[in-house]
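Here's the structure we're looking at; comments come further down.
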2 protein chains.
Amino acid sequence: MTERAQRRRRTEERILASARSLFAELGFERTTIRAVAKAAAVDPALVMQYFGSKQGLFSAAVRVAPPLAAHGDTDELVEQLVDSLGLKMGELPQSSLAMMRSMLTHPEAAVEARAVLSRQIAQVAESITGDDARLRAALLTTIMLGVTVGHQLLELDELRAASQKDIARILRPALRAIADTEE
Amino acid sequence: MTERAQRRRRTEERILASARSLFAELGFERTTIRAVAKAAAVDPALVMQYFGSKQGLFSAAVRVAPPLAAHGDTDELVEQLVDSLGLKMGELPQSSLAMMRSMLTHPEAAVEARAVLSRQIAQVAESITGDDARLRAALLTTIMLGVTVGHQLLELDELRAASQKDIARILRPALRAIADTEE
DNA sequence: GCGTTCACTCTACAGGCGTTGACCGTATTG
DNA sequence: CAATACGGTCAACGCCTGTAGAGTGAACGC
C-alpha cells in the first residue's frame, strides 16, 4: 500500500475513533464536527470531505457487528444474554454505546436501533417455543436494553456498585422464567 | 381571582402543555423555544419571560409525581410494577415521557432521571428482604425502564402489537423471580 | 378617572453550527 | 524531471438558535 493511502486510512480511523467516543458520551446533537476534528487533530473541513456530512460521520461511526451469535436451547440463550451485558466484563463497543446514546433523540439513530433490536428479537425468538415467542423475545431484549441503559448510559450507582457476576446471578432466573415456556 | 391572573395562568398552562408534548416527542435539543411558542400561539419572548430560559421551561415541564405509591409484600410490588407500564392501559404522563426522551442526551434530564430512579429503587427495595435487596430493586426498576423505553419511546412493533395484559402475564413470573428471595 | 401594573409583542443581537470552495504542499506517476 | 493527484488547511457563508430590551394596550387599584 502506498504511503499516502496508509496515511489516509490512519487519519480516517482517528476521526472515526474520536467520533465514536464523542457520540457515545454526548449523543448526536451535542457532538459537533468541530469537536470531533479537534479530538482527531484535524481540520473540520476534512471530516466533511471524508464523510460527506455529520449524518454520514455518525452512520460510519455506529456501524456495528451483530450482538448475538448462535441459537441453541433456552439455557444457552439466557447465558448469551447475560454475557451480552458487557462482553466478558469488558466494555461494550463504543459504536453500540454511540447508537444507544442517541436512539431516543436522533431519528436516524432510532431507525438503526429499531433495526438492530428487531434482528435480535427475531434471533432470540428462534430459541423459544410457543406462539408468543416473538413477544417473549421482545421482552427479553428490552429487559437487557433497560439494564444496559441503566448501567452504561445512566450509570446508576446501584448497578455500578455490583459485579457483573452478581447481576448475572439475579437476572438468570428471571430471564429463564420468560424464555422457558413450560414443558 | 382577577381576570388577568386567570389569563396568565391559562397561557402558562398552554405553554407548558406544548412544551411537554414537544419535549416528549423530540427531546430537549431538537425542541426550540420558537416551536413551543408557535404551538402555544404565543410570542417566543413570552416563554423566556415566564420560565427564564429553555432549561427553566424544561424543568417546569418535567416536574412529575412520584411513580410508585406504597410498599407491601412482593406480590403487591410486582403488581404495582406491571401496572406502572401504562397506568391502567392509559398513557404515561407526558412529563415522564419528556424526561425519559432526553435522559440519555441532556445532562440535566439525566440528573433528574437518576434522582427519580434512585427514589424508586429505594422504595422497591423496602419490599424485598435479603442483603442484595438494593441490587434486586435496581434490576427490577431498570427492567421496567427498558420495557417502557422499548414500548413508548422506540415503539417497537413487537411490543406495540401486544396487549398490556399479555405483557403483564409474561413479565410477572420474571419479576417475581427477582423480588422473591427464597423463603 | 387616572396613573400604574402587567400580559404580551416586536425587533434585534451575538454566537455557534454545518457546510463550502479556494488554496497549499508533498507524494505519486509517466 | 515535469505534470498530476490528493491529503490536508484556511477563511468564510448563511442559518438557526437562545436570549435581551424596548415598546404597547388593556385590566387593575385607588
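Proteins come first, then strands; the chains are lettered A, B, ... in the order of their sequence lines, and each starts at number 1. Values in this document were obtained by computation on a predicted structure and should not be read as measured data.
For A:E3, the side chain to side chain donor-acceptor pair (under 3.5 Å) criterion is met by no residue, not counting sequence neighbours. In this structure A:R20 satisfies the salt bridge (Lys or Arg N to Asp or Glu O under 4.0 Å) test together with A:E13, sequence neighbours excluded. Residues satisfying the salt bridge (Lys or Arg N to Asp or Glu O under 4.0 Å) test with A:R176, not counting sequence neighbours, are A:D75. Looking at residues two or more places apart in sequence or on another chain, you find no side chain to side chain donor-acceptor pair (under 3.5 Å) involving A:S53. A:E112 meets the salt bridge (Lys or Arg N to Asp or Glu O under 4.0 Å) test with no other residue; sequence neighbours excluded. The salt bridge (Lys or Arg N to Asp or Glu O under 4.0 Å) search around A:E79 returns A:R172, not counting sequence neighbours.
Ranked by how close their nearest DNA chain D nucleotide is to the 5' end, B:S53 and B:Q49 are led by B:S53. Nearer to the 5' terminus of DNA chain C, by closest-nucleotide assignment, is the contact made by B:Y50 (compared with the other of A:T32 and B:Y50). Two residues, B:A45 and A:K54, neighbour DNA chain C, and the one matched to the more 5' nucleotide by heavy-atom proximity is B:A45.
Evaluation of the side-chain hydrogen bond (donor to acceptor under 3.5 Å, both in side chains) test over residues 30-42 of chain A, restricted to residues two or more places apart or in two chains, returns A:R30-B:E29, A:R30-B:H106. Among residue pairs with one or both ends in residues 43-64 of chain B, none qualify as salt bridge (Lys or Arg N to Asp or Glu O under 4.0 Å); sequence neighbours excluded.
Using a 4.0 Å cutoff to heavy atoms of chain B, the contacted part of DNA chain D runs 5' to 3' from D:dT17 to D:dC28. Taking every nucleotide of DNA chain C with any atom under 4.0 Å from a non-hydrogen atom of chain A, the first and last of them, 5' to 3', are C:dC17 to C:dT28.
For the residue pair B:S59 and B:Q55, a side-chain donor N or O sits within less than 3.5 Å of a side-chain acceptor on the partner. Using a 3.5 Å distance cut-off with no hydrogens or angles, the side chains of B:Q123 and B:R119 do not pair a donor with an acceptor.
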Side chains of residues 134-144 of chain B: which donor-acceptor pairs under 3.5 Å do they make with residues two or more places apart or in other chains?
{"residue": "B:R134", "atom": "NH2", "partner": "A:E158", "partner atom": "OE2", "Å": "3.3"}
{"residue": "B:R136", "atom": "NE", "partner": "B:D132", "partner atom": "OD1", "Å": "3.1"}
{"residue": "B:R136", "atom": "NE", "partner": "B:D132", "partner atom": "OD2", "Å": "3.4"}
{"residue": "B:R136", "atom": "NH1", "partner": "B:I178", "partner atom": "O", "Å": "2.8"}
{"residue": "B:T141", "atom": "OG1", "partner": "B:A137", "partner atom": "O", "Å": "2.9"}
{"residue": "B:T142", "atom": "OG1", "partner": "B:A138", "partner atom": "O", "Å": "3.0"}
{"residue": "B:T142", "atom": "OG1", "partner": "B:L139", "partner atom": "O", "Å": "3.2"}

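Residue contacts shown for A:F51 are absent, as no nucleic acid heavy atom lies under 4.0 Å away. At the heavy-atom level, B:R4 lies under 4.0 Å from base atoms of the strands shown.
Residues from residues 11-18 of chain A placing a heavy atom under 4.0 Å of any atom in DNA chain D, listed by number, are A:T11.
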